[in-house]
Protein chains: 2
Amino acid sequence: MSLRYALLGLLADEPQSGYDLTQRFERSLKRYAWHARHSQIYPELNKLAADGLIAVVEEGARGRRTYALTEAGREALHGWLMDWSSLQPVRNEFVLRLFLMSVLDPSEALPLLRGIHEHAKEEVAELEARVEAAGGPDGEWGFGRLAGEYGVRQYRAMVEWAEWAESELARAVPDEGSGDTST
Amino acid sequence: MSLRYALLGLLADEPQSGYDLTQRFERSLKRYAWHARHSQIYPELNKLAADGLIAVVEEGARGRRTYALTEAGREALHGWLMDWSSLQPVRNEFVLRLFLMSVLDPSEALPLLRGIHEHAKEEVAELEARVEAAGGPDGEWGFGRLAGEYGVRQYRAMVEWAEWAESELARAVPDEGSGDTST
DNA sequence: CGGCTCATGTAAAGAGTTACATGATTTG
DNA sequence: CAAATCATGTAACTCTTTACATGAGCCG
C-alpha cells in the first residue's frame with residue numbers, strides 16, 4: 001500500500017502527471033526511501049482515479065494527464081500519515097551486506113569499506129547542498145525538509161561509522177602503510 | 001536475489017534449519033535490513049539445495065533438517081559480498097513518511113515526532129546493550145558486528161534528528177508549555 | 001494426554017521488475 | 001526531417017505476503 005500513499009503525497013505537493021511522478025521517484029525518492037517504475041505507477045494512478053482519490057485536472061500535449069488530489073484523497077493521505085501503527089519493515093541490502101560481512105576476511109573487507117566511506121562523503125556533500133538550496137533565500141523550507149535533514153544526519157553518521165570500521169579492521173590487517181604487496 | 005544470499009550468509013555463520021533461519025529474520029534482520037517468512041524461506045532452501053549451494057548435514061526430530069554451505073555455496077556468497085555493483089534500492093517506509101510529512105501541519109506532526117524520538121531512544125539502548133554483550137569478555141565480536149555498530153550510530157543520529165525536528169516544529173506551534181487546551 | 005512449540009509445506013493474491021509496444025511533440 | 005524526449009500503456013515473470021494445512025515431539 002505504500003506506493004499508493006507515496007503517489008498521494010507527491011500529488012499533495014503539487015498536481016502532476018504520471019511522467020512527472022516517475023521522475024520524482026527516479027531522482028530523489030529512489031535513493032532514500034522508495035522506488036517505483038512507470039509500469040507500476042500508471043496502473044496505480046488509474047486505480048486511484050477509479051477510487052476517487054485523485055482526478056485529472058488538466059490534459060496536455062501527447063496525452064499528458066495532470067492529476068490532483070480530491071478531497072477524499074486528501075483525507076486518505078492524512079489518515080495514513082497520522083497512523084504509524086502498520087509501518088512496513090525496512091528492506092536495505094546495504095545493511096544486509098554489513099550483517100554478513102564477517103564472512104570476508106579483513107583484508108578483503110577493508111577496500112570495500114573505503115569505497116563506502118567515499119560514497120558516503122559524496123552523499124553528505126550532495127545532500128547538504130540540496131538542503132541548503134531548499135532552505136534558500138526566503139527562509140521557507142520546501143516539501144520533504146524533514147527527510148532532507150534526516151538524510152544528511154544519517155549519511156554523516158555513516159561517514160563516522162566507516163572511519164571507525166576502517167580503523168577497527170586495519171588493526172586486523174597489519175600490512176598497511178607499505179605499498180608493497182609481495183609475500 | 002537478496003534472500004538467497006541472506007540465507008547463504010546466515011548459514012555461513014552456522015549450519016541451521018529453515019526454522020532457525022526464520023527466527024533469525026524475525027528477531028534481528030527484520031528490523032534493520034531484510035525480512036522473509038517461512039513460506040518464502042523453505043522453498044528457497046530447497047532451490048539452494050537443488051543448485052548445490054547448500055546441503056543437509058543433519059536430520060533431527062520432527063523432520064528437522066540442518067543445512068550447511070557447500071564449497072560452491074561459499075564461493076557464491078563470497079562473490080556476492082565482494083561485488084557491490086548491483087545494490088538494490090532501499091525501501092524504507094519511515095523515510096517515505098518523512099518525505100511526505102509536510103502535508104501535516106506542525107501541531108499534528110509534533111506528537112508523531114515525539115513518538116519517534118521515544119522509539120529511537122529505546123532502540124539505541126537496546127542496540128548498545130546487544131553490541132556490548134557481543135563484544136563480551138574475550139574481546140571477540142561475533143557475527144554482524146559491523147552492522148551492530150552501524151545500527152547504534154544510525155539510531156543515535158535519529159535521536160539527534162528528532163530533537164532538532166521537534167524544536168524546529170515547536171517554533172511553528174506557539175501554544176506549547178501550557179497544558180491548557182481550551183480555546 | 002492436552003496444549004504448546006517445533007517444523008515443514010503449498011496455494012492464491014498482491015507488489016514489483018523487466019521487456020515489449022506505441023505514438024506525439026519538440027529540437028536542432 | 002531525424003533524433004531525442006515526452007507520455008502512456010500492457011504482459012510475463014519474479015518476489016513477497018497471507019492464508020491454509022499438517023503432523024511430530026515436548027512439557028506439565
Side-chain angles (χ1 to χ4, degrees), chain A residues 1-8 10-11 15-27 29-31 33-51 54-67 80 85-93 96, chain B residues 1-8 10-11 15-27 29-31 33-51 54-67 80 85-93 96:
Chain A
M1 299 295 295
S2 301
L3 173 61
R4 171 158 268 247
Y5 295 104
L7 293 172
L8 291 176
L10 292 174
L11 290 174
Q16 49 196 311
S17 69
Y19 189 84
D20 298 331
L21 290 162
T22 302
Q23 293 205 317
R24 239 164 127 171
F25 275 101
E26 209 59 47
R27 287 185 197 152
L29 280 177
K30 177 180 183 178
R31 281 160 79 188
W34 208 265
H35 187 47
R37 313 290 172 98
H38 80 273
S39 59
Q40 201 183 0
I41 292 169
Y42 288 115
E44 188 65 34
L45 286 173
N46 288 327
K47 267 193 241 168
L48 284 165
D51 293 349
I54 65 176
V56 176
V57 291
E58 198 193 319
E59 310 220 7
R62 305 184 204 109
R64 176 191 173 92
R65 269 162 296 155
T66 303
Y67 291 96
W80 182 76
S85 62
S86 62
L87 205 57
Q88 274 192 225
V90 173
R91 193 175 290 275
N92 188 327
E93 196 187 286
L96 174 62
Chain B
M1 299 296 294
S2 301
L3 173 60
R4 170 158 270 243
Y5 295 105
L7 293 172
L8 291 176
L10 292 173
L11 289 174
Q16 51 197 307
S17 68
Y19 189 85
D20 297 332
L21 290 162
T22 302
Q23 294 204 317
R24 241 167 123 170
F25 275 99
E26 207 59 46
R27 286 184 198 152
L29 281 178
K30 176 180 182 177
R31 281 161 78 188
W34 208 267
H35 187 48
R37 313 289 170 100
H38 81 272
S39 59
Q40 199 183 0
I41 291 168
Y42 288 116
E44 187 64 33
L45 287 172
N46 287 327
K47 269 193 241 168
L48 283 165
D51 294 347
I54 64 176
V56 175
V57 290
E58 196 193 319
E59 309 219 10
R62 304 181 206 114
R64 175 191 174 92
R65 268 164 297 156
T66 303
Y67 290 96
W80 181 76
S85 62
S86 62
L87 204 57
Q88 276 191 223
V90 173
R91 195 175 288 277
N92 188 327
E93 197 188 284
L96 174 61

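Throughout, a chain's letter reflects where its sequence line sits, starting with A, and its residues are numbered from 1.
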If you measure only the distance, is there a donor-acceptor pair under 3.5 Å linking the side chains of A:Arg65 and A:Ser17? no
Hey, are the side chains of A:Asp20 and A:Leu10 touching, using non-hydrogen atoms and a 4.5 Å cut-off? no
Do nucleotides 22-28 of chain C as a string where each nucleotide becomes B, S or -: B if the base has a protein heavy atom under 4.0 Å, S if just the sugar-phosphate does, - if no protein is that close. --BBS--
Whole-Å distance separating the CD atom of A:Glu26 from the P atom of C:dT18: 11 Å
Within a strict 4.5 Å, meaning less than it, do heavy atoms of the B:Leu7 and B:Tyr67 side chains meet? no
To the nearest Å, how far apart are A:Leu96 CG and D:dT16 P? 11 Å
D:dT16 C1' sits how many Å from B:Arg4 CZ, rounded? 16 Å
In B/S/- notation, 5' to 3', how is nucleotides 9-15 of chain C contacted by protein heavy atoms closer than 4.0 Å? BB----S
Rounded off to whole Å, could you give me the OH-to-C1' distance for the B:Tyr19 and C:dC4 pair? 10 Å
Output the rounded distance in Å from NE2 (B:His35) to P (D:dT16). 11 Å
Whole angstrom value for the distance that separates C1' of D:dC6 from CD of A:Glu59: 16 Å
Supply the atom-to-atom distance B:Gln23 CD to B:His38 NE2, rounded to the nearest 0.5 angstrom. 12.5 Å
Judged by modelled atom types alone, do A:Ser2 and A:Gln88 share a side-chain donor-acceptor pair under 3.5 Å? yes
May I ask you to verify if any side-chain N or O of B:Arg64 is less than 4.0 angstrom from the OP1 or OP2 atom of C:dA7? yes
When rounded to whole Å, the CG to P distance for the pair B:Asp20 and C:dA7 reads 7 Å
Under-4.0 Å salt bridge between A:Glu59 and A:Arg64: no
Going by salt bridge (charged side-chain N to carboxylate O under 4.0 Å, His left out), name the residues that satisfy it together with A:Glu26, two or more places apart in sequence or in a different chain. A:Lys30
Do B:Thr66 and B:Val56 have side-chain heavy atoms sitting under 4.5 Å apart? no
Could you work out, with side-chain hydrogen bond (donor to acceptor under 3.5 Å, both in side chains) as the rule, every residue matching A:Arg31, not counting sequence neighbours? A:Glu123, A:Glu126
Spacing of A:Leu45 atom CG relative to D:dT8 atom P, expressed in whole Å: 8 Å
To the nearest 0.5 angstrom, please state how far the NZ atom of B:Lys47 sits from the CG atom of B:Leu3. 9.0 Å
Identify, with sequence neighbours excluded, every residue that meets ring-ring contact (aromatic ring centres under 6.0 Å, His included) alongside B:Tyr5. B:Trp80
Note down the inter-axis angle between the two ends of the helix from C:dC1-D:dG28 to C:dG28-D:dC1, five pairs each, to the nearest 10°. 30°
